[in-house]
Each structure stands twice: as C-alpha cells, then as structure tokens.
Amino acid sequence: MQNKPHIILGIDPGTLVMGYGLIAIDKSNVSLSEMGVLELSKHHDHAQRLELIFRKIESLIKIHNPIAVAIEAPFFGKNVQSMLKLGRAQGVAIAAAMMCGLQSHEYAPRKIKQSITGRGNATKEQVWQMLQHILKFNEDVRFLDATDAVAVALCHHYQSKLPVAPEGGMKLKRKPNKKSNSWESFLSLNPDRIK
C-alpha cells in the first residue's frame, strides 16, 4: 500500500482578499498542490465575508484532507478597525479548521519570512521568488496573498520537522536548556553553587 503525501493548508487571512496555499509532503519532497485567493471586496456586508471565509476553509479541508492548518498571525497596525476585522477573519478560519477536527498553528509574519528566506524583513516579492525556487513552480500570481499563504504552510512544515536519529541507533545527548526554570537544570549548569 502506497502512502499518500501529507497536505498542509496555509492561510493568509484577510477581509478583502484571503490567500490560501496547499503543499504536499511526500517523504523528503515538498511540492505545491494548489494556491489561490478568495476575493471578498465585492461583498459589502462584513458578516457575509466572514461566512464566505468559513465556507472556503471548510471546503478546502474537505477536498484536500490536510493534516495541519497553518495561519499567519495578524501583525499590530495603527488602524484599530482594520486589526479588529483581520482578527475576526483569522478567528473564523481557525473555527472552520476546528469544526473539521484540525488544530491551527499560528506564525508571526517575521517568523514566516525568516523560515523561507532567512531574513525576517524580506519583502513579499522576495518570499515569492524563494518559494518559486524551493517548490519549483513558474506561475505568475495576481495576488501575493496566495504566495504568502504557501509560505505559511511551508513555514509550518519547517517548524514541525523533528530531528531524525542517526542510523545505528546512536542516541543524541541533550544539553540542558539554559532558559529552563527548573532547579535540576540550574544545578546541572552551576555545580559550584551547591553547598
């Protein structure tokens, strides 16, 4: 029986344009499955936009059966009303994922850019170009919201990858975490302080 590739759904929430992207992971190969946008600007009722976001996310999950949903966390802006609307869009997308039995994972814009390009202050165009290189696609996109969503999915893939144990069963020794607040960790890092 052949294993199916794992799918990750990435979402760039928005109330005017919501980007979505799906990547497929097959062993060590990552490829682009689909990307696109949900254009909401023609709908003037904010509640209707939120309903459309919910239905689109629900539909994508039912069609593609992803193992995870990754969503871009809203960044703090000066316009409070815009932030409120963006937060609602994000909340509806998270609720849709939960209704389908999936947990959503949030990533800050800076973390996403750093995961893809190595620089947290990269432009949307630089993220797009790096995605084209990594995922080997040539499509020209009308909205960068779609590639931003693909970047969120790829960021989640990179963040959720677990280190593989070397062949032969050799166990890796773990260094104590310097940031840990446990007494055991403190004492192991400072044996000279024990009286």
Side-chain angles (χ1 to χ4, degrees), residues 2-14 17-38 56-57 60-61 63-76 86 89-91 93-94 96-98 100-141 143-167 170-180:
Q2 192 176 4
N3 289 336
K4 285 186 175 180
H6 293 302
I7 305 291
I8 298 174
L9 169 60
I11 303 166
D12 180 21
V17 177
M18 180 197 78
Y20 62 89
L22 295 119
I23 60 170
I25 298 98
D26 188 6
K27 296 179 183 167
S28 62
N29 298 325
V30 181
S31 60
L32 177 65
S33 289
E34 183 181 330
M35 69 175 167
V37 294
L38 176 62
K56 183 64 176 180
I57 299 301
L60 288 168
I61 291 171
I63 291 168
H64 297 281
N65 196 24
I67 60 164
V69 175
I71 190 164
E72 184 173 323
F75 57 92
F76 295 101
L86 187 59
Q90 183 193 30
I94 291 170
M98 289 175 66
C100 294
L102 291 170
Q103 182 181 3
S104 58
H105 307 271
E106 292 182 60
Y107 295 97
R110 188 170 183 84
K111 178 73 172 177
I112 296 163
K113 291 175 183 178
Q114 187 175 14
S115 288
I116 305 305
T117 68
R119 293 181 36 233
N121 60 348
T123 65
K124 286 177 176 280
E125 290 78 11
Q126 289 170 327
V127 170
W128 171 42
Q129 289 170 352
M130 187 59 81
L131 286 172
Q132 283 185 309
H133 176 73
I134 295 168
L135 300 174
K136 297 170 182 43
F137 68 91
N138 294 320
E139 292 101 27
D140 196 13
V141 291
F143 293 101
L144 291 176
D145 305 82
T147 53
D148 283 353
V150 174
V152 178
L154 191 57
C155 172
H156 178 69
H157 170 62
Y158 289 155
Q159 296 302 310
S160 62
K161 283 173 63 173
L162 298 173
V164 178
E167 287 187 29
M170 189 172 93
K171 292 188 178 180
L172 300 173
K173 288 188 177 180
R174 209 176 119 191
K175 292 184 180 179
N177 185 354
K178 292 182 181 180
K179 294 181 181 179
S180 176

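Reckoned from all heavy atoms, side chains included, excluding hydrogens, waters and symmetry mates.
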If I take atom [atom1] from residue [X] and atom [atom2] from residue [Y], how far apart are they, to the nearest 0.5 angstrom?
| X | Y | atom1 | atom2 | value |
| --- | --- | --- | --- | --- |
| I25 | S160 | CD1 | OG | 7.5 Å |
| N121 | Q114 | CG | CD | 9.5 Å |
| Y158 | I134 | OH | CD1 | 4.0 Å |
| I7 | I63 | CD1 | CD1 | 12.5 Å |
| L38 | L60 | CG | CG | 9.0 Å |
| M18 | D145 | CE | CG | 10.0 Å |

Just jot down the side-chain hydrogen bond (donor to acceptor under 3.5 Å, both in side chains) partners of S115, sequence neighbours excluded, or say none. Q159
Nearest atoms (heavy-atom pairs only) where [X] meets [Y]:
| X | Y | value |
| --- | --- | --- |
| G14 | L86 | CA-CD1, 3.9 Å |
| P109 | E72 | CG-OE2, 3.3 Å |
| G120 | K113 | O-CD, 3.5 Å |
| L9 | P66 | N-CB, 4.0 Å |
| A97 | V69 | CB-CG2, 4.0 Å |
| Y20 | V37 | CE2-N, 3.5 Å |

Residues pairing under salt bridge (charged side-chain N to carboxylate O under 4.0 Å, His left out) where one sits in residues 117-129, two or more places apart or in two chains, turn out to be K124-D148
Not counting sequence neighbours, list each pair that qualifies as a ring pair (Phe, Tyr, Trp, His ring centres under 6.0 Å) and has a residue in residues 103-127. H105-H156, Y107-H156
Are there more than 12 heavy atoms of other residues, nucleotides or ligands under 6.0 Å from atom NE2 of H6? no
Please list, chain by chain and in numerical order, all residues satisfying side chain to side chain contact (heavy atoms under 4.5 Å, CB included) with A151, sequence neighbours excluded. I112, I116, V127, L131
Of all residues at least two apart in sequence or in a different chain, which pass the salt bridge (Lys or Arg N to Asp or Glu O under 4.0 Å) check with K111? none
In a table with atom names and distances, give each donor-acceptor pair under 3.5 Å that connects a side chain of residues 28-36 to protein atoms at least two apart or in another chain.
residue	atom	partner	partner atom	Å
E34	OE1	H64	NE2	2.9

Pair V150-I23, side-chain contact (heavy atoms from CB on, under 4.5 Å): steps then yes or no: CA-CA 7 Å; V150 174; I23 60 170; 4.0 Å; yes
Within the 4.5 Å heavy-atom criterion, are Q132 and T147 side-chain neighbours or not? no
